[in-house]
Amino acid sequence: SAKDMKHRLGFLLQKSDSCDYSSSQGKKEKISSSQRLSQEEVRKWADSLENLIHHDRGLAAFRAFLKSEYSEENIEFWVSCEEYKKTKSPSKLSPKARKIYDEFISVQATKEVNLDSCTREKTSHNMLEPTLSCFDEAQRKIFTLMEKDSYRRFLKSPYYLDLVSPPGAGCGPENCKRNHTHSLDCNSNIISQCA
């Protein structure tokens, strides 16, 4: 269920520095305290969608939120475009572009993203000779759509609020006044309204 997924995600995001992760070389390394998720990092996610999705754990939290809303195709498309732009070999451009197009943009796409007909047509035309920038306009449109819609809902959701609020710290009006110097200011732009 969505509640279980949120709980697991919260646990995953709060891992201590004793947890291991695999590096790209396959070696096991300790996660340093600077790589742990801090309240400051979580608060930066509220500054912009870019801050959120360019942070691995922020992206994971946002992806889990979108999955709970059955709209994860937008972030999956955005991530696929980012990975596509890192393609080094020209011979791999066309098959990778075709895969992204078939999965997210074509009329029969399994995870079709919401694009206007003009952008969809332009992207289809770009498929004739795929370049690293052939999805740029479509990716920009989807980013803007997420920024104006799902990102704002994410910031008001338990997926974000549970991470930004210290455990057990209520944000009722009495706490806002009494804990004026508390590290989490209830009047900040992160939490627009107190409960």
Side-chain angles (χ1 to χ4, degrees), residues 1-13 15 21-24 37 41-42 44-89 91-128 130-164:
S1 75
K3 193 172 186 177
D4 291 335
M5 190 183 341
K6 185 184 81 145
H7 176 72
R8 279 182 290 203
L9 179 65
F11 176 77
L12 190 71
L13 293 173
K15 280 187 174 181
Y21 75 100
S22 296
S23 68
S24 57
L37 192 61
E41 286 175 307
V42 175
K44 283 181 185 172
W45 298 351
D47 293 341
S48 72
L49 178 57
E50 280 189 13
N51 284 356
L52 174 68
I53 61 181
H54 284 99
H55 188 285
D56 288 343
R57 293 179 184 168
L59 178 60
F62 189 53
R63 186 177 259 158
F65 168 74
L66 291 176
K67 195 168 187 141
S68 76
E69 291 198 331
Y70 304 100
S71 62
E72 68 267 29
E73 69 279 352
N74 290 332
I75 195 65
E76 288 179 19
F77 172 67
W78 186 88
V79 169
S80 294
C81 290
E82 287 297 292
E83 290 169 3
Y84 174 77
K85 288 190 259 188
K86 295 174 187 168
T87 305
K88 301 262 192 279
S89 169
S91 65
K92 291 182 180 176
L93 282 180
S94 190
K96 282 185 174 185
R98 177 52 55 191
K99 185 175 187 275
I100 292 170
Y101 182 83
D102 290 345
E103 190 172 2
F104 298 103
I105 297 173
S106 80
V107 181
Q108 300 91 4
T110 54
K111 300 176 183 178
E112 187 179 353
V113 291
N114 187 7
L115 291 171
D116 59 87
S117 60
C118 184
T119 305
R120 191 176 302 275
E121 200 174 297
K122 184 176 180 183
T123 307
S124 296
H125 180 73
N126 290 345
M127 293 304 296
L128 299 172
T131 64
L132 289 176
S133 62
C134 68
F135 294 109
D136 284 1
E137 188 174 339
Q139 185 185 21
R140 222 177 356 263
K141 297 269 182 169
I142 293 303
F143 180 89
T144 302
L145 183 72
M146 290 190 297
E147 189 174 43
K148 290 180 176 175
D149 187 32
S150 46
Y151 171 62
R152 291 177 182 178
R153 286 195 311 278
F154 169 76
L155 294 178
K156 295 174 184 172
S157 77
Y159 288 87
Y160 179 71
L161 295 177
D162 287 355
L163 292 173
V164 81

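Residues: numbered from 1 along the sequence shown. Here the structure is a predicted model, which is why all the values come from computation and not from measurement.
Lys111 approaches Phe104 most closely through the heavy-atom pair O-CD2, 3.4 Å. Annotation for Thr119 and Ala138: closest pair CG2-CA, 3.7 Å, computed over non-hydrogen atoms. Here the closest non-hydrogen pair linking Pro130 and Tyr84 is CB-OH, 3.6 Å. Nearest heavy atoms, Tyr160 versus Ala46: OH-CB, 3.5 Å. Across all non-hydrogen atoms, the minimal contact from Phe135 to Cys81 is CB-SG, 3.7 Å. Summarising the geometry of Leu155 relative to Leu161, their closest heavy-atom pair is O-CD2, 3.5 Å, with the distance given to 0.1 Å.
Using a 4.0 Å cut-off between charged nitrogen and carboxylate oxygen, Arg140 and Asp136 do not count as a salt-bridge pair.
A 4.5 Å side-chain heavy-atom check between Leu52 and Leu49 finds at least one atom pair inside the cut-off. Considering only heavy atoms from C-beta on, Arg120 comes within 4.5 Å of Glu112 through its side chain. With contacts defined as side-chain heavy-atom distances shorter than 4.5 Å, the pair Glu41/Arg57 does not qualify. Residues Thr131 and Asn126 fail the side-chain proximity criterion, which asks for heavy atoms closer than 4.5 Å. Using a 4.5 Å heavy-atom threshold, the side chains of Val113 and Trp78 count as separate. At least one side-chain heavy atom of Val79 sits less than 4.5 Å from a side-chain heavy atom of Leu59. Glu103 has its side chain out of reach of Glu73: every pair of non-hydrogen atoms, C-beta onward, lies at least 4.5 Å apart.
Atom CD of Glu121 is separated from atom OG1 of Thr123 by 10.0 Å, given to the nearest 0.5 angstrom. In this structure, NE2 on His125 lies 12.0 Å from CE on Met127, to the nearest 0.5 angstrom. For the atom pair OG (Ser106) and CD1 (Ile100), the distance works out to 12.5 Å, reported to the nearest 0.5 Å. A distance of 10.0 Å separates OG of Ser68 from CZ of Phe154, quoted to the nearest 0.5 Å. With rounding to the nearest 0.5 angstrom, the CE atom of Met146 is 9.5 Å from the CZ atom of Phe77. Taking CG from Leu132 and OG1 from Thr87, the interatomic distance works out to 6.5 Å, rounded to the nearest 0.5 Å.
Side-chain contact of Asn74 with Ser71: a donor-acceptor pair under 3.5 Å is absent, judged by distance alone. No donor-acceptor contact under 3.5 angstrom links the side chains of Tyr151 and Ser48, judged on distance only.
Counted within 6.0 Å of CD on Glu69, heavy atoms from surrounding residues, nucleotides or ligands total more than 12; the atom is thus considered enclosed. At most 12 heavy atoms of other shown residues, nucleotides or ligands fall within 6.0 angstrom of atom NZ in Lys122.
Counting only distance, with no hydrogens or angles, the side chain of His55 and the backbone of Asn51 share no donor-acceptor pair below 3.5 Å.
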